[in-house]
Amino acid sequence: GQSPPEKPTIIKCRSPEKETFTCWWKPGSDGGHPTNYTLLYSKEGEEQVYECPDYRTEGPNSCYFDKKHTSFWTIYNITVKATNEMGSNVSDPHYVDVTYIVQPDPPVNVTLELKKPVNRKPYLFLTWSPPPLADVRSGWLTLEYELRLKPEEGEEWETIFVGQQTQYKMFSLNPGRKYIVQIHCKPDHHGSWSEWSSEKYIQIPTDFRV
Amino acid sequence: GQSPPEKPTIIKCRSPEKETFTCWWKPGSDGGHPTNYTLLYSKEGEEQVYECPDYRTEGPNSCYFDKKHTSFWTIYNITVKATNEMGSNVSDPHYVDVTYIVQPDPPVNVTLELKKPVNRKPYLFLTWSPPPLADVRSGWLTLEYELRLKPEEGEEWETIFVGQQTQYKMFSLNPGRKYIVQIHCKPDHHGSWSEWSSEKYIQIPTDFRV
Amino acid sequence: LPICPSGSVNCQLSLGELFDRAVKLSHYIHFLSSEIFSEFDERYGQGRGFVTKAVNGCHTSSLTTPEDKEQAQQIHHEDLLGLVLGVLRSWNDPLLHLASEVQRIKEAPDTILWKAIEIEEQNRRLLEGMEKIVGRVHSGEIGNEVYSQWEGLQSLQLADEDSRLFAFYNLLHCLRRDSHKIDNYLKLLKCRLIHDSNC
């Protein structure tokens, strides 16, 4: 059919390290014509409307806001306009405060080590590091971690919240079993959990009397 | 003998919830005369000396500091003066940092339940609640728990640190025996363990194959 | 020699100890502020489109605070501490009224009432601690100049329910935002001043 493009929908905005952020949209039908998309935004308390600073870095149908264009504790009012020869259509406004869309990358360098201290209970010692992009050193971003583990053939994960630590001593493990361990992280207040880190395996020896 | 009173000793200061605190002292001999006691305190970096705000609430030889008089930004320098007709004597100074004297009340509502999930290991499921005073403000006073159990006629307690969880699954129990269980708690950083909760008993059935 | 509480030198709290307590408190205050906002929004905000109206209505927006990591790292720590103090002081008055006015909201749940009282109390406590920290760190006298007046009491007492509920919504929205700023800046300052930016 020959018509203006359908209005697009802004589907997600995410900041991986609380310094930059990206928004993605889903185009509607293009009305049978080549259609182009313009992302426009204004910031809380300002009349000025700006255009997306970078349509390319994060791939098609996306807009990347680098550090210079990213402010916290202020609400962005974002819309995407689809335009073709027959006319244009604008998405519903999407309100974003970058403080609340931080989803970090998974933790890295996960290590598992069996420890058998003299005349004390043996345990599994886990350590990990924050995702490289996240600047936790300066205190700008504070991450919390949660680990999960289950016997290899088991069904149910056991999940343990460990706060801001990057290490954990695991005592209650069944000797002779093989376990899978994963860790994920989240900013200390707002934002969402990262994906789980890749699976790590550890075989608990049969004499690992707990 | 007719003499000034011996100098008293400040024996303990405790805060149950990091909001108020109490100090207790032990009088020395009263030198054969009616003796009265005055608790005086100053705050680090201040010349001003104050007297105990409340000698009654926590019973004899005690001083109770309510919320208004409790600051957790300063170290208190506390002394107790004993005075009778013949003269007076002052205790050694006792320095108090409220964060370090937090000793919560024991956990409450301890429940024990035998669980026999289909085709999975049976276990003893323990749950408890934080002490009422500390319960309301979980973020302000973060508690950690430790449980201990032993067969009724056994000698040695087995102690298990469970972190901030308020429930625990106990797998390794001997069928047919009767166990005693108690739980206590402590602030996550400084401060000391509460008393143990009252004893709870559980009879493990003989068919409770673990 | 009298024994000082563990960790303290000549029986005085170290700056690190003061910052640890301030950060734990600011974290807790923001946790409460987020909860009270969500609870209020869930109960009174649904379908009223408050989010679009709550734009730049915070009484503290006159205080120019850092809006990203670079600005926060470039500002001198004494100025950032002064700003934190200013924002905290600016909330003394509204929190006092919030705690009393919230009780007049129809069927306001206890959890909202209790949190309003708790936030007011803990905010005062954090202010006491920040004045002590600033006293330790500040070379000069701590001025009372950084402060932003709140004139929102009438709006919390408006007859029209929708307007009155929006006034509460906006105040709680600003409280959530400002308490998060304070928490973030204190974590930054603690890493910078105590851990040499190597937390």
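Quantities reported herein were computed from a predicted structural model and do not represent experimental measurements. Within every chain, numbering begins at 1; the chains are lettered A, B, ... in the order of the sequence lines, protein sequences first and strands thereafter.
Heavy atoms only, all atoms of each residue included: B:P8 and B:W25 are closest at CB-CD1, 4.2 Å.
Cation-pi contact between B:K186 and B:W193: present, with separation from the ring centre below 6.0 Å and deviation from the ring axis of at most 45°. Judged by the 6.0 Å distance and 45° axis criteria, C:R21 is positioned over the aromatic ring of B:F72.
In this structure, NE2 on B:H33 lies 5.0 Å from CE on B:M86, to the nearest 0.5 angstrom.
Within the 4.5 angstrom heavy-atom criterion, no atom of C:R124 approaches chain B. Heavy-atom distances place no part of B:K43 under 4.5 Å from chain C, backbone and side chain included.
Options B:N77, B:V96, B:T99, B:I101 differ in how many heavy-atom pairs under 4.5 Å they form with chain C, and the most are formed by B:T99.
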